[in-house]
Amino acid sequence: MSINSDDNTILVTGGAGFIGSNFVPYFLADNPDIQIVNLDLLTYAGELSNLEELTANERYHFVKGDICDAQLVDKLFQRYNFKGIIHFAAESHVDNSIEKPDSFIKTNIEGTFVLLEAAKRHWLDASNKVIKGFELARFHHVSTDEVYGSLGSEGFFTETTPYAPNSPYSASKASSDMLVRSYFHTYGLNVVTSNCSNNYGPKQHDEKLIPTIIRKALLGESIPIYGDGTNIRDWLYVLDHCKGISSVFKEGRAGETYAIGGNNEYNNLFIARRICSLLDELQPKSEGSYTHQITFVNDRLGHDYRYAIDATKISNELGWKPDENFESGIIKTITWYLKKYLKV
């Protein structure tokens with residue numbers, strides 16, 4: 001369907017992925033004056049079926065393409081006169097980055113550079129002054145807390161925590177964060193960055209921890225947990241993250257970074273046991289508990305011990321806070337995956 005380029009149109013990259021496909025419907029519903037062009041290459045992490053609810057939405061348009069394709073990106077800018085970018089597109093599976101880091105370097109670093117260059121060309125003039133009509137145009141870079149490295153048993157990541165990435169994935173995201181920062185300080189481009197904790201919820205790729213636990217449990221297969229299962233993550237329900245992204249995009253201060261966390265710290269073994277316990281109630285086996293399927297496998301290379309975010313800045317400045325705690329969010333998540341995997 002066609003979108004009028006004179007309207008308030010924003011570019012969302014990677015909108016068919018997990019977080020993006022939750023964000024796009026939310027943002028369209030919450031902003032009836034906004035139109036979205038979703039640019040996604042539909043690699044293993046992107047699924048058009050994630051956006052079936054938008055099939056008839058006249059304010060939504062999908063373009064299959066690569067953010068590294070500078071010609072395509074420039075043509076889209078020329079056609080739609082984007083007034084904003086929300087940049088999700090990234091290779092994000094840590095295990096894959098260990099095996100094949102080259103695609104992470106290309107997509108996460110080069111792709112971000114291509115988008116920044118396009119925004120600079122179309123929003124700023126030769127003297128790096130904002131072109132009339134693009135005064136509010138903004139580039140929002142969505143990143144991860146993994147750029148900060150690993151925490152011990154105490155402490156939290158904040159926006160001022162030094163970067164210490166430990167995997168090719170987190171190193172590539174750290175690099176893209178620095179590129180975005182440089183375009184603000186060098187050229188005056190209106191950018192914001194958000195670094196989030198581990199997301200969970202509907203539409204997540206099957207390879208990720210929580211969908212894997214649910215899927216393996218239902219199939220009666222071993223549920224693999226890395227090492228001894230004591231690695232800790234701060235779990236953030238995906239719709240809460242989407243609301244945080246919206247707040248930062250619309251109200252965050254230019255050039256600033258905002259850490260978005262769920263304040264739900266749990267280790268992987270607890271997550272597996274809690275999901276199995278809830279499945280025992282929601283979809284009981286003929287005999288025994290799903291917890292008996294939990295098994296331990298060799299730990300991931302360079303596996304960070306603990307992530308935890310202090311979200312005081314976004315809370316104080318923008319009034320954001322998560323609506324879901326882990327218990328309410330995981331029940332919604334399991335319910336969604338039961339429908340997916342059992343086709344009920």
Side-chain angles (χ1 to χ4, degrees), residues 3-15 17 19-39 51 54 57 59-61 76-77 80-90 112 115-116 118-120 122-124 130-144 159 176-177 180-181 183-184 187-197 199 201 236-262 309 311-324:
I3 287 180
N4 186 338
S5 62
D6 294 327
D7 289 315
N8 195 8
T9 305
I10 67 170
L11 173 66
V12 172
T13 69
I19 302 172
S21 64
N22 279 277
F23 177 81
V24 171
Y26 162 76
F27 198 73
L28 285 171
D30 198 52
N31 299 275
D33 59 329
I34 294 287
Q35 303 190 74
I36 285 178
V37 172
N38 172 17
L39 175 62
L51 293 162
L54 299 179
N57 192 316
R59 294 187 291 120
Y60 171 75
H61 183 63
L76 292 175
F77 266 86
Y80 294 109
N81 276 325
F82 297 124
K83 298 303 197 305
I85 300 173
I86 300 179
H87 176 34
F88 293 100
T112 300
L115 293 167
L116 286 166
K120 179 167 71 76
H122 288 272
W123 297 347
L124 305 179
V130 178
I131 296 171
K132 185 177 180 180
F134 294 93
E135 292 84 359
L136 299 179
R138 164 165 284 183
F139 187 113
H140 183 159
H141 178 57
V142 181
S143 191
T144 171
E159 292 80 2
S176 64
D177 290 7
V180 172
R181 172 187 165 86
Y183 272 64
F184 172 75
Y187 307 111
L189 192 68
N190 182 355
V191 306
V192 285
T193 296
S194 56
N195 296 82
C196 68
S197 59
N199 278 222
L236 174 64
Y237 188 65
V238 65
L239 187 56
D240 282 331
H241 185 201
C242 293
K243 294 172 183 176
I245 291 168
S246 178
S247 294
V248 172
F249 179 68
K250 292 193 284 188
E251 302 171 26
R253 289 182 290 138
E256 291 292 311
T257 294
Y258 294 86
I260 308 177
I309 277 181
T312 299
K313 180 177 178 179
I314 189 174
S315 176
N316 288 347
E317 288 193 14
L318 307 181
W320 175 89
K321 63 179 182 179
D323 293 322
E324 305 289 346

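Residue indices begin at 1 and follow the sequence shown.
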One should read off an interatomic distance between C196 SG and H241 NE2, to the nearest 0.5 angstrom, of 4.0 Å
Going through the checks in order, is the side chain to side chain contact (heavy atoms under 4.5 Å, CB included) test met by L51 and L54? CA-CA 6 Å; L51 293 162; L54 299 179; 3.8 Å; yes
Check: In terms of side-chain geometry, is the basic nitrogen of K243 or D30 positioned less than 4.0 Å from the acidic oxygen of its partner?
Finding: no
Smallest heavy-atom separation, N195 atom then I309 atom, equals O-CD1, 3.5 Å
*Close side-chain approach of L239 and N22, heavy atoms under 4.5 Å*: no
Point to revise | Side-chain heavy-atom pair V180, L116 within 4.5 angstrom cut-off | key: yes
(Q) Pairing donors with acceptors under 3.5 angstrom, does anything connect the side chains of H141 and D177? (A) yes
Open item on the list: The test is side chain to side chain contact (heavy atoms under 4.5 Å, CB included); show your working for I314 and V248 and say whether it passes.
Closed with: CA-CA 8 Å; I314 189 174; V248 172; 3.7 Å; yes
Of all heavy-atom pairs linking L115 and L11, the shortest is CD2-CD2, 4.1 Å
Would you say H122 and F134 make side-chain contact, with heavy atoms under 4.5 Å?
no
- prompt: If we only count heavy atoms from C-beta on, is the W123 to Y187 side-chain gap below 4.5 Å?
  reply: no
Requested in this report: Would you mind reporting whether Y26 and S246 have side-chain heavy atoms less than 4.5 Å apart?
Outcome: yes
So K313 and E256, do their side chains get closer than 4.5 Å, heavy atoms only?
yes
_Under the criterion side chain to side chain contact (heavy atoms under 4.5 Å, CB included), I'd like the reasoning laid out for V142 against I245: C-alpha separation, chi angles, the key distance, then a yes or no._
CA-CA 8 Å; V142 181; I245 291 168; 4.3 Å; yes
Q.
For the residue pair Y258 / E317, report whether a side-chain donor-acceptor contact shorter than 3.5 Å exists.
A. yes
Minimal heavy-atom distance between Y60 and N38, with the atoms involved, is OH-ND2, 3.0 Å
Checklist entry - What orientation do F27 and F249 show, parallel under 30°, tilted 30 to 60°, or perpendicular over 60°? => result perpendicular
Residues R59 and D33: closest non-hydrogen pair is NH1-N, 4.5 Å
Taking the side chain as C-beta and beyond, is there a heavy-atom pair between V192 and T257 under 4.5 Å? no
Applying side chain to side chain contact (heavy atoms under 4.5 Å, CB included) to Y80 and H61, what does each step give before you reach the verdict? CA-CA 11 Å; Y80 294 109; H61 183 63; 3.0 Å; yes
In T9, T13, I10, I85, the residue satisfying side chain to side chain contact (heavy atoms under 4.5 Å, CB included) with V37 is T9
Practice prompt. Could you tell me whether a side-chain N or O of E135 sits under 3.5 Å from a main-chain N or O of G133, the two making a donor and an acceptor?
Written response: yes
Heavy atoms of S21 and P25 approach each other most closely as O-CD, 3.0 Å
Does any N or O in the side chain of D240 come within less than 3.5 Å of the main-chain N or O of D323, such that one atom is a donor and the other an acceptor?
yes
Between the CG atom in N81 and the CG atom in L76, the distance rounded to the nearest 0.5 Å is 11.5 Å
dist F82:CZ -> F139:CZ (nearest 0.5 Å) comes out at 12.0 Å
| message | Just checking L136: does its CG atom have more than 12 heavy atoms from other residues, nucleotides or ligands closer to it than 6.0 angstrom? | response | no
To the nearest 0.5 Å, atom OG of S197 lies from atom CD1 of I260 at 8.5 Å
Smallest heavy-atom separation, K250 atom then R138 atom, equals C-NH1, 4.4 Å
In this structure, NZ of K120 is separated from OH of Y183 (nearest 0.5 Å) by 5.5 Å
CG (N8) and CG (N31) are apart, to the nearest 0.5 Å, by 9.0 Å
